[in-house]
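Beneath this line is the structure, given in structure tokens, with notes to follow.
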Amino acid sequence: MTSVHGEVSVNWFDNVCVSTLSGAFNEEGISNWFFLLQRSWTELGKLERWAHVLNMYGWQGRTPETTPLVRQGVAWTNTHGLSCAVIIMEQGPASIFIKMNQATNPVIPASADVTICQNYEEAMAQLQRRQFAISLQQIKPNPSSSRPELRAN
């Protein structure tokens, strides 16, 4: 049995899902993330329109073997109400990896509404333009929060 690599938390604020990803992900880590996302979406009543914020400040990449799983997960979100996705990450190796991978071996359809932002404020502005309401406190991770969240690591 292979151990899980990569940590994720999934929190919902009305119709906005915030996934926080940390570390380098293998297949088990990606599978856990999509399991948490799908389970929580179902528990919320199968939202017909939602936004996904991916906080990837702590993300360190993924193994090549995860590509089919990521494609499946993206396809699932696109057929289950996802309206837009906002990726939050700093300029640097991780963002270069995503852009290069998307250009040579895409996992996100060209028609998808996906924006890469460098900070929380820019992410909030993108969501507000698309009629999704969320506060800065909800997007930023808060280790002392008493709000329950789904975690896998």
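Bear in mind that the values here come from a model prediction, so they are computed numbers and not experimental data.
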If the test is ring-ring contact (aromatic ring centres under 6.0 Å, His included), which one of Phe34, Trp41, Phe35 qualifies with Trp76?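 Output: one option passes, namely Trp41.
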Just verifying a value: how many Å separate Met56 CE and Leu21 CG, rounded to the nearest 0.5 Å?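 Those atoms lie 5.5 Å apart.
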Interatomic spacing from NZ in Lys140 to CD1 in Ile88 - rounded to 0.5 Å: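 Reported to 0.5 Å precision, the distance equals 10.0 Å.
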One pair to check against side chain to side chain contact (heavy atoms under 4.5 Å, CB included): His5 and Glu28. What are the steps and the verdict? CA-CA 7 Å; His5 291 241; Glu28 288 75 13; over 6 Å; no
Minimum heavy-atom separation for [X] to [Y], with atom names?
X: Val4; Y: Gly29; result: CG1-CA, 3.7 Å
X: Ser31; Y: Leu69; result: OG-CD1, 3.6 Å
X: Asn26; Y: Ser3; result: ND2-O, 2.8 Å
X: Val18; Y: Ile134; result: CG2-CD1, 3.9 Å
X: Ser19; Y: His52; result: OG-NE2, 2.7 Å
X: Leu37; Y: Ser40; result: O-OG, 3.0 Å

Are [X] and [Y] packed together at the side-chain level, in the sense that at least one heavy-atom pair is separated by less than 4.5 angstrom?
X: Leu136; Y: Met124; answer: yes
X: Asn78; Y: Pro109; answer: yes
X: Thr63; Y: Phe25; answer: no
X: Thr42; Y: Arg39; answer: no
X: Gln118; Y: Glu90; answer: no
X: Val86; Y: Leu54; answer: no
X: Leu127; Y: Ile139; answer: yes
X: Val107; Y: Thr67; answer: yes

Apply salt bridge (charged side-chain N to carboxylate O under 4.0 Å, His left out) to Arg49 and list each qualifying residue two or more places apart in sequence or on a separate chain.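 Here no residue qualifies.
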Check side chain to side chain donor-acceptor pair (under 3.5 Å) between [X] and all other residues, then give those that pass, not counting sequence neighbours.
X: Asp113; result: Arg130
X: Glu27; result: none
X: Glu48; result: none

What do the steps show when you test Cys117 against Ile87 for side chain to side chain contact (heavy atoms under 4.5 Å, CB included), and what is the final call? CA-CA 6 Å; Cys117 300; Ile87 300 170; over 6 Å; no
is_close_aromatic(Trp12, Trp50), centroid dist under 6.0 Å: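 Ring centres of Trp50 and Trp12 closer than 6.0 Å.
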How would you list all residue pairs meeting ring pair (Phe, Tyr, Trp, His ring centres under 6.0 Å) that involve residues 113-135, not counting sequence neighbours?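 Counting only pairs at least two positions apart or across chains, the ring pair (Phe, Tyr, Trp, His ring centres under 6.0 Å) contacts touching residues 113-135 are Tyr57-Tyr120.
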Is it true that a side-chain atom of Thr79 and a backbone atom of Ala75 form a donor plus acceptor pair closer than 3.5 Å?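 Present.
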Between Asn55 and Ser22 (side chain of the first, backbone of the second, donor and acceptor by atom type, cut-off under 3.5 Å), is there such a pair?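 No, Asn55 side chain to Ser22 backbone: no donor-acceptor pair under 3.5 Å.
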Under the side chain to side chain contact (heavy atoms under 4.5 Å, CB included) rule, what do Ile30 and Val70 come out as? Steps first, then yes or no, please. CA-CA 7 Å; Ile30 293 290; Val70 172; 4.1 Å; yes
Determine, stepwise, if the pair Thr77 / Gln72 fulfils side chain to side chain contact (heavy atoms under 4.5 Å, CB included). CA-CA 9 Å; Thr77 62; Gln72 286 175 353; over 6 Å; no
Apply side-chain contact (heavy atoms from CB on, under 4.5 Å) to Ser135 and list each qualifying residue two or more places apart in sequence or on a separate chain.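 By the side-chain contact (heavy atoms from CB on, under 4.5 Å) rule, Ser135 matches Gln137, Gln138.
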